[in-house]
There are 2 protein chains.
Amino acid sequence: MRLNKLDERIVHALAEDARRSFADIGSEVGLSAPAVKRRVDRLRAEGAITGFTVRVDPAALGWETEGFVEIYCRHKTSPEDIRRGLSRYPEVVSASTVTGDADALVQVFASDMRHFERVLEQIAGEPYVERTKSVLVLSPLLRRFSSGAPG
Amino acid sequence: MRLNKLDERIVHALAEDARRSFADIGSEVGLSAPAVKRRVDRLRAEGAITGFTVRVDPAALGWETEGFVEIYCRHKTSPEDIRRGLSRYPEVVSASTVTGDADALVQVFASDMRHFERVLEQIAGEPYVERTKSVLVLSPLLRRFSSGAPG
DNA sequence: CCTGAAAGTGCGTAGAT
DNA sequence: ATCTACGCACTTTCAGG
């Protein structure tokens, strides 16, 4: 699954504005509208593009408090166990297993500090969780990226 | 900047698939197509919706290596200084100032370990950076969210 | 290139303040 | 009485074949 320069430029254009017309993107990268469409279709079929979504201001949706939680797990906890456990929290927007002392790094959005604390306590109370360590986001500096699947 | 239930449902529908037609969304939430469009326009004008973007599989774009870098800054470094400095790296996809020992937490995507190491060294060499501490992502468990502005 | 569908716009109306 | 949001009808633009 390789992407050439043209594909990258198309993806880049869509990343900035997924509502731009194929013709518009085509005029930028030097292709006709149908040519762009065919490439986008191919990228979707290959899984390089997994969907289209909206960029949202968390505060406008009432998610005023953001933080990262490191999770230290008990022995014999599989990544799948962690994923299943965390997926039940709508406040968890991303999670990955990581190198280093902690087992997983989890990004959490909450409506306020009280809400964040409650989520943190719930996560810390999960059977597979030994302990947690968290930092709060003071101010977001950059957000550029969107990846993965909904759910 | 208030969002009612209807707005939330529209945003949720767009978050799952930003390419759905207004008529389609309208039939789900009980509005006509123009009514949905006007709400989306209003949400964009208010800044609740900051744009439309594409969901991408990092690996398909050649970003096989992901990591989080904690940055410890020299005194008298403003968040804006950090933002400006980091925005020059295409590999940096998100960055926030945080509580705790570190000053900022930065998410980095690189093509491979060599690339990641090079970026890490470059960031560590920035004048405002005292030292860094990084963890590598082993496997992504969840990705749900998209926010913020292109940059 | 051609057709159908969707976006976008003007207007009249109804309900809320 | 005014403001806001709706639906309908219409034109323009785009998607998809």
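Excluded from the calculations below are hydrogen atoms, water molecules and symmetry mates; all remaining heavy atoms, backbone and side chain alike, are included. Numbers restart at 1 for each chain; the letters A, B, ... are given by sequence-line order, proteins then strands.
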- To the side chain of Ser21(A), which of dC14(D), dC6(D), dG17(D) is closest?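 The nucleotide sitting nearest to the side chain is dC14(D).
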- Message: I'd like to know if Arg19(A) reaches the base of dG8(C) with its side chain such that a donor and an acceptor end up less than 3.5 angstrom apart.
- Response: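 Donor-acceptor pair under 3.5 Å: no.
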- Message: I'd like to know if Arg38(B) reaches the base of dG7(D) with its side chain, counting only an N/O donor and acceptor under 3.5 Å.
- Response: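 Checked by distance alone, the answer is yes.
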To the nearest Å, give me how far apart [atom1] ([X]) and [atom2] ([N]) are.
| X | N | atom1 | atom2 | value |
| --- | --- | --- | --- | --- |
| Ile25(B) | dA5(C) | CD1 | P | 18 Å |
| Asp41(B) | dT4(D) | CG | P | 16 Å |
| Arg20(A) | dA15(D) | CZ | C1' | 16 Å |
| Asp24(A) | dA15(D) | CG | C1' | 14 Å |
| Phe22(B) | dA15(D) | CZ | C1' | 15 Å |
| Lys37(B) | dT12(D) | NZ | C1' | 13 Å |

- Please answer: with hydrophobic residues joined when any side-chain heavy atoms are less than 4.5 Å apart, are Leu105(A) and Val93(A) in the same cluster?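 Shared cluster, no.
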- Message: What I'd like to find out is whether the side chain of Arg39(B) reaches to under 4.5 Å of the side chain of Asn4(B), using heavy atoms alone.
- Response: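 Yes - at least one pair of side-chain heavy atoms lies under 4.5 Å apart.
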- Contact under 4.0 Å: Arg39(B) side-chain N or O vs dC6(D) OP1/OP2: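 Yes, Arg39(B) has a side-chain N/O under 4.0 Å of OP1/OP2 on dC6(D).
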- Please confirm whether the backbone N or O of Leu142(B) pairs with a side-chain atom of Arg83(A), one donor and one acceptor, at under 3.5 Å?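 No, because the side chain of Arg83(A) does not come within donor-acceptor range (under 3.5 Å) of the backbone of Leu142(B).
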- Message: With a 3.5 Å distance limit and no angle check, can you tell me whether Arg144(A) reaches the backbone of Ser87(B) through a side-chain donor-acceptor pair?
- Response: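 Confirmed, Arg144(A) side chain pairs with Ser87(B) backbone.
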